[in-house]
Amino acid sequence: MPVEVLKGTLQGFKTSLPNRLQKVDLKHLRLGCNCANKYFQGAVVISYPLTRLENGKAFFKIVLQESENSSSRTDTINMLLFGKLAEDSEKVVHQGDTLVVAGFSLTKSASEDGRHCCQLEMSDETGSTIYICPKSPCTAAASETVSISVAPKYTYTPLNHLKGGTVVNLYGAVKFFKPPYVSKGTDYCSVVTIVDQSDTKLVCTLFNANRDALPKIYKNGDIVRFHRIKVQEFNGQMQGVTSNGFAALTFDGTVGAPVVPRTTSKLFTFTEEDKKTVEDLRIWVASNSSNSVPAANLSSIQPQMFFDLTCQLVGKAKVDGASYLLKVWDGTKCPFPSWKVLVKEDDLEGDSVLINQLKNLTVDVVVYDNHVQLAKSLKVGNFIRMYSLHAKTQSPEGKPDVSYVQFHLHGGTGYGRGITVLPENHTDVKKLKAFLDSLDLRKYAGSEIPSAEPEDSYLTLGSCLEAYQELSVTVLTDHQHFDVTAVNTILNSRIPQQYRIRAKLRRFEPKKLHQSIKLLCPQCNLLQEVPDVTEFDTLLQASATRPNPDSQNIPFCESVVWDIESQGSRYVAVHFVTRYELLQEPEDSLIMIEGGTLRDILRLSKKFKGIIPVRSVEDNLVLLDLSVPFFWQGNIQYYGCQRCSDPKAVASLSALAVQQNASWEPTTIAEALGIVLLQYVFVMKFTLDDGTGTLDAYLVDAENFFQIPASEVLTSNIFQEDMERIMNKLCPTGRNPDGLPWLECFIKSYYVKNGREEQLSYQIFDTMIAEDV
DNA sequence: GTTTAGGGTTAG
């Protein structure tokens, strides 16, 4: 009987209320206070017309005044009624009536109207009850005895009494859980295993389109209450699944902690009996606890462990489609060196000043696959918990004594892998916040870079960095957020890493420019010397056989054969590749040549777009041996990797010959012929010195570092002069070392096999010479 | 109205 009009006096009625119901005053109504056993009494000062919500539900609003003699707005409170209760009340409530209400929930007032900061919410679904004492009492006889049921009586089934095909209400302690994740269907999914005093386990598979409707479990041992969960048999075991009207409450499992349900629902019942059930379960859990995954902080991690980490997000960045970087800290220092994941400066989200400040306390966590979506949605500053995080120790091959740790949240949801955002009012968050606030960050701050005070704006730091870089003759093309590391620190580390350094170029090798140009296979990384073209004359001659007249009819070529009688019986065949069966202008034409000498080829390569030396094998034209250049263009010879190429017959060029937009560029031709093109690169050793130590770093670069193409430098006077000027600026001969310019460089360390030994080497990357040099 | 997952580590 949710709404009842009293026939007797209010006093008389109140004596019939159960003892456990206590009157509560407006001043004691606060958010979070347990109102299960409270009633409130007030007079109706306003009653609004009945309306309907968007979902069709009836809605009725009343303003109640606590004290009859007061006219202050602060003495009034809004009461919101929903559903059938709203409809029923609206018929019988009048202005001036006194109401006694119980079974309400208390929420933050939705309107800023100067009334009480909370509002009372009631609906018959949650067992709310309203007693109305009319302003003009009925003249009927004495009051009847009224019995109140504040809440509908829910019964809870012990887990050892479950039967398939039933819908029940359950209480249990969480033994295992997967935080809500996006399922492959349309809903969020959370798998929760609960256990109760009967020591029976139940795996519950919960789905809901609304993440907040799933239980807000943050750790094993939390207590849950499920209403309307369906029990069914699966694989010979009972299983719980969400059914219509499923609702969950979650409680902290700590003995003695306030019994406050976690839910986003505004309407739920919660009785003294519920409280007792939670408290009983807490005590049972405490004495039957089985330690599962440890919750660790960064300072207590062990190599190879999986653990739950509670931390704050400081920065985030995409790594690639399948992984995402989270920079987090928990205020403790990881005892092992940990990896730093290289991302583009522009991709790193977060306060760069703070990221820099905390760099020695944060760790880089890479999350994969299904976790990327959630990771992206996190806000910098969020307090999060990552479950089953993997602290993976890595040692370079053959170096078990040196190790560093990588943090991975691997893909999948096995073992509860996942991330949750913890609410700011969670006990663990409050504790962590207090701890983080208590830290003296200066103790951990790095000292290599001019430190910015927290009140400095990002702009100030930016311009400060600019001034700092002004003196450098190099420019970093990415990762500007990296801090400078001292050379001796780098030398002392045995971990493959990436660093930013600031140093001077003491010396470099080789001194002669032509010695610094090599050929690099981008696939197998083999470096080789650039051959001397004059060596090829014999090779080219040796392949010069009398062209086979049968092979001269090539579909995409116009061919001519020259007899060169002045040189004995030498024959040269030239095949002009046609485009759409048409000859092109010589400067656009690709030609293939059989039996040409080095002189012929060099001469022709100045006139034509490109030349491919070939020979006849039976009826086919094939490339020569890959020890000679397969393609000649202007002054440049292009080579294929003898290991990685899989040369095809020249006929495979026909596909290019019919393409309208195909160009006779070395890369295109190489690809069509199955050739892995060798790259011309500068290979130099720079001895870099920053005052704390010197290290030798290799430069292997095609054109980015000097902004000069290595392929052309040997045939261009202008490029050679540029190179000379640059090297003279970086490392002038006979200059006092103090006068040398600064170079800011990225270098990475990596292990190379040197015989049976592994040796740490350093290479320069993402760095270029400043334009004005 | 159905499907999702149905606990038991990635292999980066």
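Labels below follow one simple rule: chain letters A, B, ... track the order of the sequence lines, proteins then strands, and each chain is numbered from 1. For clarity, every value in this text was computed on a predicted model and none was experimentally measured.
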* Determine: side-chain N/O of A/Lys178 to OP1/OP2 of B/dG8, distance under 4.0 Å, yes or no. => yes
* Residue mapping more 5' on DNA chain B - nearest nucleotide basis, A/Tyr368 or A/Lys201 -> A/Lys201
* Please list residues of residues 230-244 of chain A whose heavy atoms come under 4.0 Å from any atom in DNA chain B, ordered by number; otherwise none. => A/Gln232, A/Phe234, A/Gln239
* **Listed partners of A/Arg385 passing salt bridge (Lys or Arg N to Asp or Glu O under 4.0 Å), at least two apart** => A/Asp428
* Asked: Name the one of A/Asp280, A/Thr277, A/Thr157, A/Asp274 that satisfies side chain to side chain donor-acceptor pair (under 3.5 Å) with A/Tyr171?
  -> A/Asp274
* Return each pair, listed once, that meets salt bridge (charged side-chain N to carboxylate O under 4.0 Å, His left out) where at least one residue sits in residues 184-209 of chain A; pairs must be two or more places apart or across chains. => none
* Can you tell me the distance, in whole Å, between the CZ atom of A/Phe407 and the C1' atom of B/dG12? => 16 Å
* Can you establish whether the number of heavy atoms outside A/Lys230 located under 6.0 Å from its atom NZ is more than 12? => no
* Asked: Given B/dG7, is OP1 or OP2 found less than 4.0 Å from the side-chain N or O atoms of A/Lys175?
  -> no
* Asked: Please give, in whole Å, the distance from B/dA11 P to A/Lys392 NZ?
  -> 9 Å
* Classify the angle between the aromatic ring planes of A/His390 and A/His408 as parallel (below 30°), tilted (30 to 60°) or perpendicular (above 60°). => tilted
* **Atom pair distance, as rounded to whole Å: CZ in A/Phe306 and P in B/dA11** => 11 Å
* Mind calculating the distance between CZ (A/Phe207) and P (B/dG1) to the nearest angstrom? => 17 Å
